[in-house]
Amino acid sequence: MTATTCFSLSSTDSVAHLVLNRPAELNTMHPTFWRELDEVLTRIHNEGTVRALVISSTGKHFSAGMALETFAGAISMDDQSPEGRAAIFDLLTDMQATFTKLENLRIPVICAIQGGCIGGAVDMVTAACIRYASADAFFCIQEINIGMVADVGTLQRLPKLIPFAVVKEMAYTGRRLPAAKALAYGLVNELFDTHEATVAAALQCAKEIATKPPVAIWGTKQAVTYARDHSVEDSLRQMGWLQGAVWSNAHVREAITAMKDKRAGDFAPLSSLQSFKSLG
């Protein structure tokens, strides 16, 4: 992967930290943002060396969402023909797939949010596992304010996280949801006084996750994501197959021994992945 311009990426103690680093532009999302994010997530997913991912940002706002100038030239949205409108569908499918990679990543994703989490940024953070926020944070489905429907995941994932009526109010009005209400509704796990404290808490949570057996964390993420979208009966059946696939007597013994000895457990990382197309 080439050097990124929209992000910085570091890794410590098996925790990856991805930072949006264009504060002067309010960390808005343009084509380079999407390309670099997709490349970073693909790399992390395939390598299997890190055990949790923290996403944070810089400046006043986590992200002001889609860069509006993108619609003026970088992306063609032809609404004058059925062929052009079909291309809009395919373009959105490609964009949606990048944020879905957060959901499908083999490791947990934790977002540390400060200031505005607006438009496309809401699409992004709702695909994460855990959200921490600073007291000044707010969430806004901005798309309705610029004459369009939110289309990259917010309207599909947010109703699984907060009350449906609240989603409708946000989506219809474009009003801001302040951090305190986001906490009360369950959108964020915890609030902190400062951005620095928020990031520190996210990294600490990720560090704790990184001490667990990676394959057990993988299985847990698989199970809870599946259960969100399926019946209890179907999810229990899936759980049986899943547990049969990942159960390890050695991991259980090591985890229990490590607890008794008050030390970190020694667990194998996830296997690296190769694309079938790259073989041969």
Is [Y] close to [X] at the side-chain level, that is, under 4.5 Å between some pair of heavy atoms?
X    : Y    : answer
Q114 : T198 : no
F62  : V122 : no
L20  : F7   : yes
L18  : I44  : no
W34  : M66  : yes
M124 : M29  : yes
C140 : N145 : yes
Q243 : V246 : yes

Where the side chain of [X] meets the backbone of [Y], is there a donor-acceptor pair that is under 3.5 Å apart?
X    : Y    : result
S134 : H195 : no
T211 : E208 : yes
R131 : I113 : no
E143 : D151 : no

In terms of hydrophobic clusters joined by side-chain contacts under 4.5 Å, are [X] and [Y] together?
X    : Y    : answer
L53  : V19  : no
F138 : L183 : no
V125 : I118 : no
F33  : L26  : no
L91  : F99  : yes

Measuring from atom [atom1] of [X] to atom [atom2] of [Y], what distance do you get when rounded to the nearest 0.5 angstrom?
X    : Y    : atom1 : atom2 : result
I256 : D261 : CD1   : CG    : 12.0 Å
M170 : L177 : CE    : CG    : 4.5 Å
W218 : L270 : CH2   : CG    : 8.5 Å
R35  : L37  : CZ    : CG    : 12.0 Å
L158 : F164 : CG    : CZ    : 10.0 Å
N189 : C129 : CG    : SG    : 10.0 Å

### Task
Verify the neighbour count for atom CG of D90: are there more than 12 heavy atoms of other residues, nucleotides or ligands below 6.0 Å?
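Yes, the 6.0 Å shell around CG holds more than 12 heavy atoms from other groups.
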### Message
Please check if the number of heavy atoms outside K60 that lie under 6.0 Å from its NZ is greater than 12.
### Response
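Count not over threshold, so no.
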### Task
Test T4 against E39 for side-chain contact (heavy atoms from CB on, under 4.5 Å), laying out the working first.
CA-CA 9 Å; T4 57; E39 290 174 354; 5.7 Å; no
Nearest heavy atoms of [X] and [Y], plus distance in Å:
X    : Y    : answer
S63  : N27  : OG-O, 2.7 Å
V109 : L102 : CG2-O, 3.7 Å
H30  : C6   : CE1-SG, 3.5 Å
V188 : A133 : CG1-CB, 3.9 Å
P214 : P269 : CG-CA, 4.2 Å
L105 : L41  : CD1-O, 3.6 Å

### Query
Given a cutoff of under 4.5 Å between side-chain heavy atoms of I, L, V, M, F, W and Y, with clusters grown through shared members, what are the other residues clustered with F267?
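Besides F267, the hydrophobic cluster comprises nothing; the residue is isolated.
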### Message
Test question: given the 4.5 Å side-chain rule for I, L, V, M, F, W and Y, name all other residues clustered with Y132, or answer none.
### Response
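For the cluster that includes Y132, the remaining residues are V15, V54, I110, I130, F192, V199, L203, I209, I217.
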### Task
Would you mind listing every salt bridge (charged side-chain N to carboxylate O under 4.0 Å, His left out) that reaches into residues 245-254, with sequence neighbours excluded?
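Sorted pair list: E254-R263.
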### Query
What salt bridge (charged side-chain N to carboxylate O under 4.0 Å, His left out) pairs are there with at least one residue in residues 96-123, not counting sequence neighbours?
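For residues 96-123: D38-K101, E103-R157, E103-R228.
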## Note on the structure
salt bridge (charged side-chain N to carboxylate O under 4.0 Å, His left out) filter on E47, not counting sequence neighbours, yields R43
### Task
Mind jotting down which residue pairs meet the side chain to side chain donor-acceptor pair (under 3.5 Å) criterion with at least one end in residues 167-188? Sequence neighbours excluded, please.
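Every side chain to side chain donor-acceptor pair (under 3.5 Å) pair that includes a residue of residues 167-188, provided the two are not neighbours, is E169-R175.
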### Evaluation steps, side-chain contact (heavy atoms from CB on, under 4.5 Å), between V167 and L161
CA-CA 9 Å; V167 176; L161 299 171; over 6 Å; no
